[in-house]
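In this chain, numbering begins with 1 at the start of the sequence shown.
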Amino acid sequence: MTLHHRPVRTASRRAAQAVATLGAAVLLLTACGGGSDSAESKPSGEKSAKADSSSPKTRTVKDATGTAVEIPAEPKRIVTLTQEDLDAVLALDIKPVGITNGQGLDKPPAYLADKVEGINIVGNLLQPVMDKVVAAKPDLILAGDMQDEQVLKQLREITPATLVTMAPTDDWKLFFRGVGNAVNKLDAANKFITDHEAAAKAAGEKLGKNKGAEVSIVRWNPDGPSWMENKQFASGVALEMGLKRPKSQNKDGNAHTPSLSLEKINEIDGDWLFLSTLTSDGAKALKDVQDKPAYKELGAVKNKQVVTVDGSVWSTRGGPLAADVVMEDYVKALSAK
């Protein structure tokens, strides 16, 4: 089976990303079909059965591209095309009717597996099989960072209520709020974020001698390692916990760097080294380099402070449930010594 992989975003792509001027924040700007979503001051006596029956059945939202889309006021049959969309709706206690496989996987991501049993798989990441999407009878499709206009056209023929939910530079919180708004659960999304931030701060305070440690966050690709910039998902969780990045990695941005050569491998060093892979080729390349002197000379390797983590969680755009998983991984590793 051919798997779809999002291209690794590098510094050279930032200029292209700049054209995405409207992010998921515009999802927060909604206009109701036949009414308003905003809370209005009304005498309590006006809340009659007649008023309830006139509630709008649709709303109009702007997706992450700025496109106005009419969607059900209370969607019941949601199909998600990325694991980030899936993560978001599951965090809001919504069970979709169709999902895609995880990033770099031919199955749903392991950290969500127990929550998606029995849900039909309609394709791979951002590669839906249209017949399967039709069979799911969606009234709302969450299309992640889909950029293929032909695929979007086909999806909108299945249901016009198809939302691109992420712009290239959106972080998981902005994206999650947009999804929360689209499914009429913005308050729940905001509460989740507030609770997560409080938990991350508290967890960071309890790390003992590793409080404020420097953590190197690296994905090993077939052609070498790339470290993650400060605004990339897993790094953002580390910073919420009061952890720091090594000086060589303390760079703003939300991407992975280009793969490094063996001569520059010292850039991945830190007090702790968190390593992930996404493909079997990447895993093989990592295994091959672990016998080389340059790898063995890394401080984190010498101190036996190298932690292997799940790339299908750590190397994604992120989501609310994934953020909690990454936080727990930090706590487990850094509380152990």
Side-chain angles (χ1 to χ4, degrees), residues 6 17 20-33 36-39 56 58-76 78-96 99 111-112 115 126 139-147 161-201 230-241 254 313 316-327:
R6 286 184 178 89
Q17 289 176 354
T21 56
L22 290 171
V26 294
L27 278 168
L28 302 181
L29 302 174
T30 63
C32 300
S36 172
D37 279 332
S38 61
T58 63
R59 303 160 60 226
T60 299
V61 302
K62 287 185 178 180
D63 73 4
T65 69
T67 302
V69 183
E70 188 174 8
I71 64 173
E74 300 290 343
K76 303 297 183 185
I78 299 174
V79 166
T80 62
L81 300 188
T82 69
Q83 72 182 53
E84 292 90 350
D85 291 308
L86 173 60
D87 184 313
V89 297
L90 291 174
L92 295 170
D93 295 322
I94 296 172
K95 188 171 183 178
I99 64 176
Y111 79 103
L112 299 177
K115 297 177 175 63
L126 293 173
D139 60 5
L140 177 63
I141 297 175
L142 302 179
D145 52 351
M146 174 71 73
Q147 298 177 31
T162 297
L163 291 177
V164 176
T165 57
M166 288 180 279
T169 58
D170 288 347
D171 65 20
W172 74 265
K173 296 175 186 177
L174 185 61
F175 147 74
F176 183 40
R177 288 187 174 104
V179 171
N181 180 64
V183 299
N184 254 341
K185 290 196 173 188
L186 180 56
D187 287 346
N190 282 329
K191 184 178 186 305
F192 192 108
I193 291 169
T194 298
D195 290 348
H196 164 80
E197 290 173 342
K201 183 177 180 180
N230 278 340
K231 294 180 182 177
Q232 194 276 345
F233 166 57
S235 180
V237 177
L239 297 177
E240 288 176 327
M241 297 175 68
N254 66 339
V313 181
T316 65
R317 297 284 297 275
L321 299 180
D324 282 352
V325 169
V326 170
M327 178 177 66

message = Donor-acceptor check, side chain of Asp145 to backbone of Met166, threshold 3.5 angstrom: yes or no?
response = no
key: Nearest atoms (heavy-atom pairs only) where Gly180 meets Leu92   = CA-CD1, 3.8 Å
query = Is there a donor-acceptor contact under 3.5 Å from the side chain of Asp87 to the main chain of Ala322?
reply = yes
query = Between Lys185 and Glu74, is there a salt bridge with N-O shorter than 4.0 Å?
reply = no
task = Considering non-hydrogen atoms only, spot the tightest contact between Gly144 and Val164 and give its length.
result = O-CG1, 3.2 Å
ask   = Checking side chain to side chain contact (heavy atoms under 4.5 Å, CB included) for the pair Arg177/Asn190: CA distance, chi angles, key distance, verdict?
value = CA-CA 7 Å; Arg177 288 187 174 104; Asn190 282 329; 2.7 Å; yes
Spatial distance of atom NZ (Lys95) from atom CG (Leu90) [nearest 0.5 Å] = 9.5 Å
task = Identify the heavy atoms of Ala68 and Thr60 that sit nearest to each other, and give their distance.
result = CB-CG2, 4.1 Å
remark   = Looking only at heavy atoms, the pair that brings Ala200 and Met327 closest together is CA-SD, 3.3 Å
ask   = Within a strict 4.5 Å, meaning less than it, do heavy atoms of the Thr162 and Val69 side chains meet?
value = no
message = To the nearest 0.5 Å, what is the distance between CG on Asp63 and CG on Leu163?
response = 5.5 Å
inquiry  = Checking Thr58 against Glu70: is there a side-chain donor and acceptor pair closer than 3.5 Å?
reply    = yes
query = How far apart are the closest heavy atoms of Ala64 and Ala167, and which atoms are they?
reply = CB-N, 3.7 Å
ask   = Any side-chain donor paired with an acceptor under 3.5 Å for Asp85 and Thr165?
value = yes
request  = Could you go through the side chain to side chain contact (heavy atoms under 4.5 Å, CB included) check for Leu81 and Leu142 one step at a time?
outcome  = CA-CA 6 Å; Leu81 300 188; Leu142 302 179; over 6 Å; no
message = Rounded at 0.5 Å granularity, tell me how far CZ in Phe175 sits from CZ in Arg317.
response = 8.5 Å
task = Report yes or no: does Asp324 contribute a side-chain atom to a donor-acceptor pair with the main-chain N or O of Leu321 at less than 3.5 Å?
result = no
inquiry  = Checking the side chain of Ser235 only, and the main-chain atoms of Gln232 only, is there a donor and an acceptor separated by less than 3.5 Å?
reply    = no
Lys231 bridged to Asp171 by N-O distance under 4.0 Å = no
task = List the steps, then state whether side chain to side chain contact (heavy atoms under 4.5 Å, CB included) holds for Leu140 with Val79.
result = CA-CA 6 Å; Leu140 177 63; Val79 166; over 6 Å; no
message = Is any side-chain heavy atom of Asn184 closer than 4.5 Å to one of Arg59?
response = yes
query = Roughly how far, to the nearest 0.5 Å, is CD1 of Ile193 from NE2 of His196?
reply = 9.0 Å
task = Work out which heavy atom in Thr316 is nearest to a heavy atom in Phe233; give both atom names and the distance.
result = O-CB, 3.6 Å
ask   = When rounded to the nearest 0.5 angstrom, what distance separates CD1 in Ile99 from CD in Gln83?
value = 10.5 Å
Spacing of CD belonging to Glu240 relative to CD belonging to Glu197, to within rounding of 0.5 Å = 5.5 Å
query = Are Thr82 and Thr80 side-chain neighbours, meaning at least one heavy-atom pair lies under 4.5 Å?
reply = no
message = I'd like to know if Asp187 and Lys191 make a salt bridge, using a cut-off of under 4.0 Å between side-chain N and carboxylate O.
response = no
